[in-house]
*Asks:* 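Have a look at this one.
Throughout, residue positions are numbered sequentially from 1 according to the sequence presented.
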Amino acid sequence: MRNIDGQKLKEILVSGANNLYNHYPEIDQLNVFPVPDGDTGMNMNLTLTSGVKSIAQKNDRSCAIIASNFSTGLLMGARGNSGVITSQIFRGIAQGIEGKDNLNTEDLSKAFLSGSTVAYKAVPKPVEGTILTVIRESSAAVSERIRKDTTIEAFFDMLVEEASRSLDHTPELLPILKEVGVVDSGGAGLLTIFRGMREAAHGNLIPRNEADMPGAVSPIISPYAGAKISAEEEGFGYCTQMTIRLGKPEDGKRPFIEKRMSNFLNAHGNSVVMVRDGDIVKIHVHTLSPGTMLNYAQNYGEFVTIVIENMTEEHDNISHGFAATDMDSNIARKSSEGETPLKEFAIIAVSSGSGIDEMFKELGVDVLVSGGQTMNPSTQDFIEAIKKAHAKKIFILPNNSNIVMAASQACEVSSEGEVSARVVPSKTIVQGFAACMQFSPENEYDETFDAMKSALKSVISGSITYAIKDTDIEGVHITKGHYMAMKEEKAIVSCVADKMEALYELCKSLTSKGDIYVLTVICGEDVTPEERNEAKETLTSMFPDIEVDVRDGEQPVYSFLVGAE
């Protein structure tokens with residue numbers, strides 16, 4: 001095969017995404033750090049799934065049109081750094097074939113080189129030994145090998161061969177990979193996509209492996225399905241119903257604990273009903289953020305069915321005398337009513353846990369985006385938050401290093417006209433708190449941004465979470481199930497059996513350099529009231545000259561989040 005059209009390109013892209021879907025738990029397991037946030041595979045899978053949805057019904061024969069639509073879908077669905085970088089790779093590929101209806105191998109080679117260039121430009125400080133290395137080395141090597149008579153099948157054979165060679169070399173470029181004995185997870189995800197693309201080029205379209213989900217159907221999103229509601233229901237929002245088939249730890253799924261799921265559902269919604277029957281869990285919840293519910297639920301298994309109904313829209317229609325599903329009349333009415341003027345400033349913050357939500361609200365945050373480890377918000381989530389903020393000048397606090405890129409991408413898409421959105425690159429919750437305290441509506445936009453950004457340096461952050469595997473990192477032995485004390489960017493202080501001991505060792509490390517005046521401890525959902533009180537008493541005794549503030553955050557995954565100022 002010498003050329004492909006848009007429909008063949010569509011098959012190749014879908015096959016790549018399906019192959020990633022079939023193997024993303026394996027990619028999650030490549031996470032270097034033994035913490036329960038190995039979600040590279042999940043983030044890339046959700047990103048690619050968004051791209052597939054954007055071309056699923058496209059019958060265009062033009063490769064440029066298919067590639068452009070796929071790229072847009074990836075952009076909107078991008079989650080985590082791995083997802084954002086993947087979206088940029090395919091954005092570059094799409095740019096490389098603009099205006100082309102059909103592609104030969106020379107066209108494909110130029111497109112993949114463009115993908116590498118665009119991806120590198122998207123990362124302020126590129127790190128070698130990552131997905132960036134794999135796309136750069138593989139696309140460059142293939143461009144040197146192809147000839148005018150090279151077939152499409154041979155091109156993808158070469159691409160997989162070179163990407164595999166590059167991935168195997170990543171531990172030599174990134175010492176931490178070599179120490180732990182794994183290859184880069186993002187690069188592994190990209191190779192998995194390429195392998196699926198190769199199969200489709202050879203005529204073997206990879207299907208999604210849903211054999212373990214008998215009776216599964218595609219997700220149904222029905223915003224105007226006539227849901228019965230009453231004016232007394234708080235928040236309205238979306239009636240979200242899902243059926244999940246629970247997974248196993250070896251498949252990358254978290255152990256299902258009913259209380260933990262119930263706490264999360266009640267913290268982010270109401271009218272919660274949850275029923276478990278063996279490995280099947282049925283959930284009903286009313287929420288303003290259905291995407292957050294779906295992301296969290298997928299940590300425990302895979303969906304059998306999903307139904308989402310927009311109760312806010314229904315109630316709005318009914319209250320104005322329209323039929324429950326009269327969408328056209330409602331849209332016309334909203335247009336005639338006009339919108340309220342934009343306010344001057346707004347703050348958007350990523351939060352995880354009902355207690356943390358309340359703390360951000362106390363600090364004046366206008367819009368909260370649910371997220372954090374294991375459930376990174378997408379670019380689209382931030383775009384919607386920017387719209388909801390309804391302000392001219394917006395500050396976004398991602399509060400997680402893996403979310404900064406998705407937030408930045410949303411700012412690029414949304415900043416136009418009167419609206420300007422900027423990311424204050426907070427990497428922890430406590431940094432987000434510090435930045436909020438520096439917000440002043442009386443100052444100029446740039447001045448306020450600089451003050452909030454500078455505040456990030458005033459906080460030393462730490463956290464306590466449990467280890468998910470045995471390993472050795474930077475001279476510290478990690479035992480599965482024990483608690484790790486981590487400072488800043490995952491510098492491991494210790495790993496011990498007791499989480500309270502881990503907390504005290506972390507606090508000693510955070511305060512070791514002196515000049516600390518305030519120690520903030522945020523307790524997770526697994527911390528009991530007795531443990532909370534013990535932490536307050538012990539830390540006050542340990543550090544009599546430091547103000548100790550212990551609060552309930554109810555965050556998942558992390559037993560304690562700590563900040564020293």
Side-chain angles (χ1 to χ4, degrees), residues 1-21 44 46-78 83-119 121-122 135 138-139 142-143 146-160 163 190 193-208 218 378-380 383 409 412-413:
M1 182 168 56
R2 303 289 184 185
N3 294 274
I4 58 173
D5 65 3
Q7 286 304 294
K8 185 61 180 180
L9 178 61
K10 174 181 171 180
E11 285 184 11
I12 290 171
L13 294 172
V14 170
S15 185
N18 287 350
N19 200 47
L20 180 64
Y21 172 85
M44 293 180 72
L46 293 173
T47 301
L48 267 290
T49 297
S50 179
V52 168
K53 288 180 180 177
S54 69
I55 61 173
Q57 304 303 319
K58 295 291 183 182
N59 297 316
D60 302 86
R61 290 287 174 183
S62 168
C63 287
I65 293 175
I66 292 297
S68 177
N69 279 275
F70 187 70
S71 172
T72 300
L74 294 181
L75 175 72
M76 295 304 175
V84 172
I85 294 173
T86 302
S87 75
Q88 292 301 308
I89 290 172
F90 283 94
R91 179 187 179 192
I93 291 173
Q95 290 178 359
I97 60 177
E98 284 180 354
K100 295 184 179 293
D101 292 333
N102 297 283
L103 301 175
N104 57 31
T105 52
E106 289 183 334
D107 296 326
L108 283 171
S109 179
K110 291 177 182 177
F112 276 81
L113 285 171
S114 174
S116 173
T117 300
V118 171
K121 288 181 179 178
I135 183 59
S138 61
S139 59
V142 171
S143 71
I146 65 166
R147 301 291 181 265
K148 287 186 177 180
D149 60 348
T150 301
T151 65
I152 299 295
E153 295 90 337
F155 172 87
F156 282 102
D157 287 342
M158 293 179 192
L159 184 65
V160 169
L190 187 63
I193 295 169
F194 288 170
R195 283 173 171 161
M197 296 172 77
R198 177 187 62 183
E199 290 303 308
H202 282 277
N204 305 313
L205 177 65
I206 299 289
R208 275 198 171 206
S218 299
S378 68
T379 300
Q380 183 65 49
I383 291 173
Q409 196 160 257
E412 292 179 14
V413 173

*Asks:* How long is the straight-line distance from CZ of F155 back to CG of D107, given to the nearest 0.5 Å?
*Replies:*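 Going from CG on D107 over to CZ on F155, the span is 10.0 Å.
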*Asks:* A side-chain contact here means heavy atoms from C-beta on lying under 4.5 Å apart; do R208 and T49 qualify?
*Replies:*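 In short, these two side chains touch, coming nearer than 4.5 Å.
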*Asks:* Please report the closest heavy-atom contact between E106 and I146, naming both atoms and the distance.
*Replies:*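 Minimum heavy-atom separation between E106 and I146: CA-CD1, 3.9 Å.
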*Asks:* Enter the distance from I12:CD1 to I4:CD1 here, rounded to the nearest 0.5 Å.
*Replies:*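 I12 CD1 to I4 CD1: 4.0 Å, rounded to 0.5 Å.
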*Asks:* Within this structure, what is the CE-CG distance for the pair M197 and L159, rounded to the nearest 0.5 Å?
*Replies:*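 Here the interatomic distance stands at 7.0 Å.
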*Asks:* Would you say that I152 contacts K8 through its side chain, given a criterion of any heavy-atom pair below 4.5 Å between the two side chains?
*Replies:*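 SC-SC contact between I152 and K8 ruled out.
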*Asks:* Does a side-chain heavy-atom distance below 4.5 Å link R2 with D149?
*Replies:*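 They are in contact (side-chain heavy atoms under 4.5 Å apart), so the answer is yes.
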*Asks:* Does some side-chain heavy atom of L75 sit less than 4.5 Å from a side-chain heavy atom of R91?
*Replies:*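 No; the side chains remain at least 4.5 Å from each other.
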*Asks:* Got L20 and M44 here, is their nearest side-chain heavy-atom distance under 4.5 Å?
*Replies:*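 L20 reaches M44 side chain to side chain.
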*Asks:* Could you tell me whether the side chain of Q380 reaches within less than 4.5 Å of the side chain of S50, counting heavy atoms only?
*Replies:*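 No, too far: nothing below the 4.5 Å cut-off.
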*Asks:* Let me see the working for F70 and V14 under side-chain contact (heavy atoms from CB on, under 4.5 Å), right down to the final yes or no.
*Replies:* CA-CA 10 Å; F70 187 70; V14 170; over 6 Å; no
*Asks:* Under 4.5 Å between any side-chain heavy atoms of L190 and I85, yes or no?
*Replies:*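 They are not in side-chain contact.
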*Asks:* Out of curiosity, C63 SG to L108 CG, how far, rounded to the nearest 0.5 Å?
*Replies:*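 So the SG of C63 and the CG of L108 are separated by 8.0 Å.
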*Asks:* Given L13 and F90, is the side-chain contact (heavy atoms from CB on, under 4.5 Å) satisfied, shown in steps?
*Replies:* CA-CA 10 Å; L13 294 172; F90 283 94; 3.9 Å; yes
*Asks:* Looking at S68 and I65, would you say the former's side chain and the latter's main chain have a donor-acceptor pair under 3.5 Å?
*Replies:*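 No: the side chain of S68 does not pair with the backbone of I65.
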*Asks:* When you measure from the side chain of S114 to the backbone of Q95, do you find a donor-acceptor pair of N or O atoms at a distance under 3.5 Å?
*Replies:*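 No.
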*Asks:* What's the shortest heavy-atom distance between A200 and E11, and which atoms?
*Replies:*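 Of all heavy-atom pairs spanning A200 and E11, the closest is CB-O, 3.7 Å.
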*Asks:* Is the backbone of L74 close enough, under 3.5 Å, to the side chain of T47 for a donor and an acceptor to pair up by distance?
*Replies:*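 Not a single qualifying donor-acceptor pair exists.
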*Asks:* Which atoms form the tightest heavy-atom contact between S116 and S139, and what is the distance?
*Replies:*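 Residues S116 and S139, closest heavy atoms: CB-OG, 3.8 Å.
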*Asks:* Using modelled atom types only, decide if a donor and an acceptor are shared between the side chain of T117 and the backbone of L113 within a distance under 3.5 Å.
*Replies:*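 At least one qualifying donor-acceptor pair exists.
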*Asks:* Would you give the length of the straight line joining atom NZ of K10 to atom CG of D60, rounded to the nearest 0.5 angstrom?
*Replies:*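 Taking NZ in K10 and CG in D60, the distance rounds to 9.0 Å.
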*Asks:* Of the non-hydrogen atoms in I206 and S15, which two are nearest, and what is the gap between them?
*Replies:*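 So the two residues come closest at N-OG, 3.0 Å.
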*Asks:* So how far is it from M1 CE to T105 OG1, rounded to the nearest 0.5 Å?
*Replies:*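 Atom-to-atom, M1:CE and T105:OG1 are 11.0 Å apart.
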*Asks:* Looking at S71 and A67, would you say the former's side chain and the latter's main chain have a donor-acceptor pair under 3.5 Å?
*Replies:*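 Not confirmed, S71 side chain does not pair with A67 backbone.
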*Asks:* Would you find a donor on one side and an acceptor on the other, under 3.5 Å apart, between the side chain of Q7 and the backbone of K58?
*Replies:*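 Confirmed, Q7 side chain pairs with K58 backbone.
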*Asks:* Apply side-chain contact (heavy atoms from CB on, under 4.5 Å) to residues S87 and Q409 and explain how you reach the verdict.
*Replies:* CA-CA 10 Å; S87 75; Q409 196 160 257; 3.6 Å; yes
*Asks:* Taking S109's backbone N and O only, do any of them form a donor-acceptor pair with S143's side chain (distance below 3.5 Å, no angle check)?
*Replies:*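 Flag not set: sc S143 to bb S109 has no pair under 3.5 Å.
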*Asks:* On a heavy-atom basis, which atom in F156 and which in R198 lie closest, and how many Å separate them?
*Replies:*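 The answer is CB-CA, 3.8 Å.
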*Asks:* Where is the tightest heavy-atom contact between K100 and S62, given as atom of each residue plus distance?
*Replies:*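 Heavy atoms only, the tightest pair is O-OG, 3.7 Å.
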